[in-house]
Amino acid sequence: MASIKQFQVTFDCAEPERLARFWCEVLGYVVPPPPKGFASWDDFKRSEPPEQRDSWFACSDPSGVGPRLYFQRVPEGKAAKNRLHLDVRVGTGLVGEERLAALEAECARLVPLGAVHVRTLYDGNHACIPMQDIEGNEFCLD
């Protein structure tokens, strides 16, 4: 039997640090300390060649359970619907109006951060809220 591997989720994006900090707020993730030998991320950035500055950023689950999120700058913009998206699990175990209320409360918290509410799907029992992050990447409140 193969061993379980760690993995990270990588986002292609225009502004890595801005998007990483957005997802820190969404998920309760943290920005890790700067690389060894640097007092701050700004110090580290200043040490990089100009063409590499701000080309990536990362954040991680402070509990160590969730995957690391890595954001890398790419020259092209988002052109189509994501083939993969994150489901942010805020309504686990809830059904009906209680589930819908939990998802709507989280939606209301994320919209001022720059998230876009796409629509609310609710059949009287199950609910899901498709959204977009600050660069248009789809995700769902589930």
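Just so you know, these numbers come straight off a predicted model, no measurement behind them. Below, each value reflects all heavy atoms present in this structure, side chains not excepted, and no hydrogens, waters or symmetry copies.
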### Task
Determine, stepwise, if the pair Gln8 / Thr10 fulfils side chain to side chain contact (heavy atoms under 4.5 Å, CB included).
CA-CA 6 Å; Gln8 72 180 9; Thr10 301; 3.6 Å; yes
Applying a strict under-4.5 Å side-chain criterion to I, L, V, M, F, W and Y, I'd like to know whether [X] and [Y] cluster together.
| X | Y | value |
| --- | --- | --- |
| Leu86 | Val26 | yes |
| Val31 | Phe11 | no |
| Val116 | Met131 | no |
| Val9 | Val88 | yes |
| Leu110 | Val118 | no |

### Query
Checking side chain to side chain contact (heavy atoms under 4.5 Å, CB included) for the pair Val74/Cys13: CA distance, chi angles, key distance, verdict?
CA-CA 6 Å; Val74 295; Cys13 59; 6.0 Å; no
When rounded to the nearest 0.5 angstrom, what distance separates [atom1] in [X] from [atom2] in [Y]?
| X | Y | atom1 | atom2 | answer |
| --- | --- | --- | --- | --- |
| Leu27 | Leu69 | CG | CG | 6.0 Å |
| Glu98 | Leu103 | CD | CG | 11.5 Å |
| Asn125 | Glu97 | CG | CD | 10.5 Å |
| Arg18 | Asp133 | CZ | CG | 9.5 Å |
| Ile129 | Asp142 | CD1 | CG | 10.5 Å |
| Leu19 | Cys59 | CG | SG | 8.5 Å |

### Query
So, Phe57 versus Phe71, ring centres under 6.0 angstrom or not?
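Not close enough - the centres of the two rings lie 6.0 Å or further apart.
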### Task
Enumerate the residue pairs fulfilling ring-ring contact (aromatic ring centres under 6.0 Å, His included) with a member in residues 87-142, sequence neighbours excluded, ordered by first and then second residue.
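Residue pairs passing ring-ring contact (aromatic ring centres under 6.0 Å, His included), neighbours aside: Trp23-Phe139.
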Would you say that [X] contacts [Y] through its side chain, given a criterion of any heavy-atom pair below 4.5 Å between the two side chains?
| X | Y | answer |
| --- | --- | --- |
| Leu94 | Leu100 | no |
| Glu138 | Pro130 | no |
| Tyr70 | Pro16 | no |

### Query
Do Arg99 side-chain atoms and Val90 backbone N/O form a donor-acceptor pair below 3.5 Å?
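Such a contact is absent between Arg99 side chain and Val90 backbone.
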### Polar side-chain atom of Lys36 near backbone of Phe38 as donor-acceptor pair, under 3.5 Å
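No: the side chain of Lys36 does not pair with the backbone of Phe38.
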### Query
Does the side chain to side chain contact (heavy atoms under 4.5 Å, CB included) test come out yes or no for Asp87 and Leu141, once each step is laid out?
CA-CA 6 Å; Asp87 284 341; Leu141 298 181; over 6 Å; no
### Message
Checking side-chain polar atoms at under 3.5 Å, does Asn137 have a donor or acceptor matched by the opposite partner on Gln132?
### Response
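Checked: Asn137/Gln132 side chains show no N/O donor-acceptor pair below 3.5 Å.
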### Task
Please name the pair of heavy atoms, one in Ala115 and one in Ile134, separated by the smallest distance, quoted to 0.1 Å.
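Closest pair (atom of Ala115, atom of Ile134, distance): N-CG2, 4.4 Å.
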### Message
Using every non-hydrogen atom in the two residues, find where Pro67 and Tyr29 come nearest and quote the distance to one decimal.
### Response
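So the two residues come closest at O-OH, 2.9 Å.
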### Task
Would you mind listing every salt bridge (charged side-chain N to carboxylate O under 4.0 Å, His left out) that reaches into residues 60-76, with sequence neighbours excluded?
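For residues 60-76: none.
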### Task
Any salt bridge (charged side-chain N to carboxylate O under 4.0 Å, His left out) involving residues 38-52? Give me the pairs, sequence neighbours left out, ordered by first then second residue.
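Residue pairs with at least one partner in residues 38-52: Glu17-Lys45, Asp43-Arg46, Lys45-Asp54.
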